[in-house]
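Structure, as C-alpha coordinates:
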Amino acid sequence: MLIVTDPAKNIVGPQIRKWRYARGWSQARLAVQLQLNGLDMSREVLAQMECQIHCIRDKHIFHLARALEVKVSDFFVGFEK
(Lines give C-alpha, C1' and ligand atoms only; values in the text may rest on other atoms or scores of the structure.)
Protein backbone atom coordinates (compact mmCIF):
# COMPACT_ATOMS: atom_id res chain seq x y z
CA MET A 1 0.00 0.00 0.00
CA LEU A 2 1.36 3.40 -1.05
CA ILE A 3 0.60 6.31 1.25
CA VAL A 4 1.27 9.75 -0.15
CA THR A 5 1.60 12.56 2.33
CA ASP A 6 1.59 16.21 1.36
CA PRO A 7 3.43 18.35 3.88
CA ALA A 8 1.64 21.50 2.69
CA LYS A 9 -1.10 22.63 5.08
CA ASN A 10 -2.85 24.69 2.40
CA ILE A 11 -2.78 25.18 -1.36
CA VAL A 12 -3.45 28.92 -1.57
CA GLY A 13 -0.42 30.28 0.33
CA PRO A 14 1.63 30.97 -2.81
CA GLN A 15 -1.34 32.76 -4.38
CA ILE A 16 -1.74 34.96 -1.30
CA ARG A 17 1.93 35.92 -1.64
CA LYS A 18 1.51 36.56 -5.37
CA TRP A 19 -1.42 38.94 -4.89
CA ARG A 20 0.28 40.67 -1.96
CA TYR A 21 3.43 41.23 -4.06
CA ALA A 22 1.28 42.52 -6.93
CA ARG A 23 -0.01 45.23 -4.56
CA GLY A 24 3.49 46.02 -3.33
CA TRP A 25 2.40 45.25 0.22
CA SER A 26 4.42 43.84 3.09
CA GLN A 27 3.01 41.05 5.20
CA ALA A 28 2.50 43.60 7.97
CA ARG A 29 0.43 45.80 5.67
CA LEU A 30 -1.78 42.89 4.60
CA ALA A 31 -2.23 41.90 8.25
CA VAL A 32 -3.44 45.44 8.99
CA GLN A 33 -5.83 45.33 6.00
CA LEU A 34 -7.21 42.03 7.26
CA GLN A 35 -7.69 43.49 10.72
CA LEU A 36 -9.50 46.50 9.25
CA ASN A 37 -11.77 44.04 7.41
CA GLY A 38 -12.64 42.16 10.60
CA LEU A 39 -10.10 39.33 10.66
CA ASP A 40 -7.66 39.46 13.56
CA MET A 41 -4.50 37.97 12.07
CA SER A 42 -0.87 38.61 12.90
CA ARG A 43 1.92 39.04 10.39
CA GLU A 44 3.49 35.86 11.74
CA VAL A 45 0.40 33.74 11.01
CA LEU A 46 0.14 35.30 7.55
CA ALA A 47 3.77 34.36 6.88
CA GLN A 48 3.04 30.77 7.93
CA MET A 49 0.04 30.69 5.58
CA GLU A 50 2.13 31.94 2.67
CA CYS A 51 4.76 29.27 3.41
CA GLN A 52 2.00 26.63 3.52
CA ILE A 53 2.77 25.58 7.09
CA HIS A 54 -0.46 26.95 8.59
CA CYS A 55 -3.96 25.72 7.76
CA ILE A 56 -6.32 28.32 6.33
CA ARG A 57 -9.96 28.29 7.33
CA ASP A 58 -12.43 28.75 4.53
CA LYS A 59 -13.74 32.00 6.05
CA HIS A 60 -10.20 33.41 5.98
CA ILE A 61 -10.13 33.08 2.20
CA PHE A 62 -13.08 35.46 1.91
CA HIS A 63 -11.34 38.01 4.14
CA LEU A 64 -8.12 37.66 2.16
CA ALA A 65 -9.95 38.14 -1.14
CA ARG A 66 -11.68 41.27 0.17
CA ALA A 67 -8.45 42.75 1.55
CA LEU A 68 -6.50 42.02 -1.64
CA GLU A 69 -9.42 43.06 -3.88
CA VAL A 70 -9.44 39.78 -5.83
CA LYS A 71 -12.04 37.08 -6.42
CA VAL A 72 -11.98 34.01 -4.19
CA SER A 73 -11.47 31.92 -7.33
CA ASP A 74 -8.22 33.81 -8.03
CA PHE A 75 -6.62 31.86 -5.18
CA PHE A 76 -7.33 28.58 -6.97
CA VAL A 77 -5.98 29.37 -10.45
CA GLY A 78 -4.27 26.29 -11.81
CA PHE A 79 -6.20 23.86 -9.65
CA GLU A 80 -9.25 23.57 -11.93
CA LYS A 81 -10.03 20.21 -13.47
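Taking CG of L68 as the reference point, atom CD1 of I16 lies at 8.0 Å (rounded to 0.5 Å). The distance from atom SG of C51 to atom NZ of K9, rounded to the nearest 0.5 Å, is 14.0 Å.
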Discussion item. Between R20 and R23, is the side chain to side chain contact (heavy atoms under 4.5 Å, CB included) condition met? List the steps.
Written reply: CA-CA 5 Å; R20 181 176 59 77; R23 304 275 174 295; 6.0 Å; no
Item to complete: Go through the steps for M49 and M41 under the test side chain to side chain contact (heavy atoms under 4.5 Å, CB included), then give the verdict.
Response: CA-CA 11 Å; M49 287 179 171; M41 182 176 294; 3.2 Å; yes
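F75 approaches V12 most closely through the heavy-atom pair O-CG1, 3.5 Å. Across every non-hydrogen atom of N10 and H54, the tightest pair is ND2-O, 2.8 Å.
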Tabulate below the donor-acceptor pairs under 3.5 Å that side-chain atoms of residues 24-31 make, not counting sequence neighbours, or state none.
unit_1	atom_1	unit_2	atom_2	d
S26	OG	A28	N	3.4
S26	OG	R29	N	3.0
Q27	OE1	R43	NH1	2.7
Q27	NE2	E50	OE1	3.0

Please tabulate, one pair per line, all N/O donor-acceptor pairs under 3.5 Å involving side-chain atoms of residues 56-63, not counting sequence neighbours.
unit_1	atom_1	unit_2	atom_2	d
H63	ND1	N37	O	3.3

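Cluster membership for V32 and L34, using ILVMFWY side-chain heavy atoms within less than 4.5 angstrom, is not shared.
Annotation: side chain of I11 is in contact with side chain of F76 (closest heavy-atom distance under 4.5 Å).
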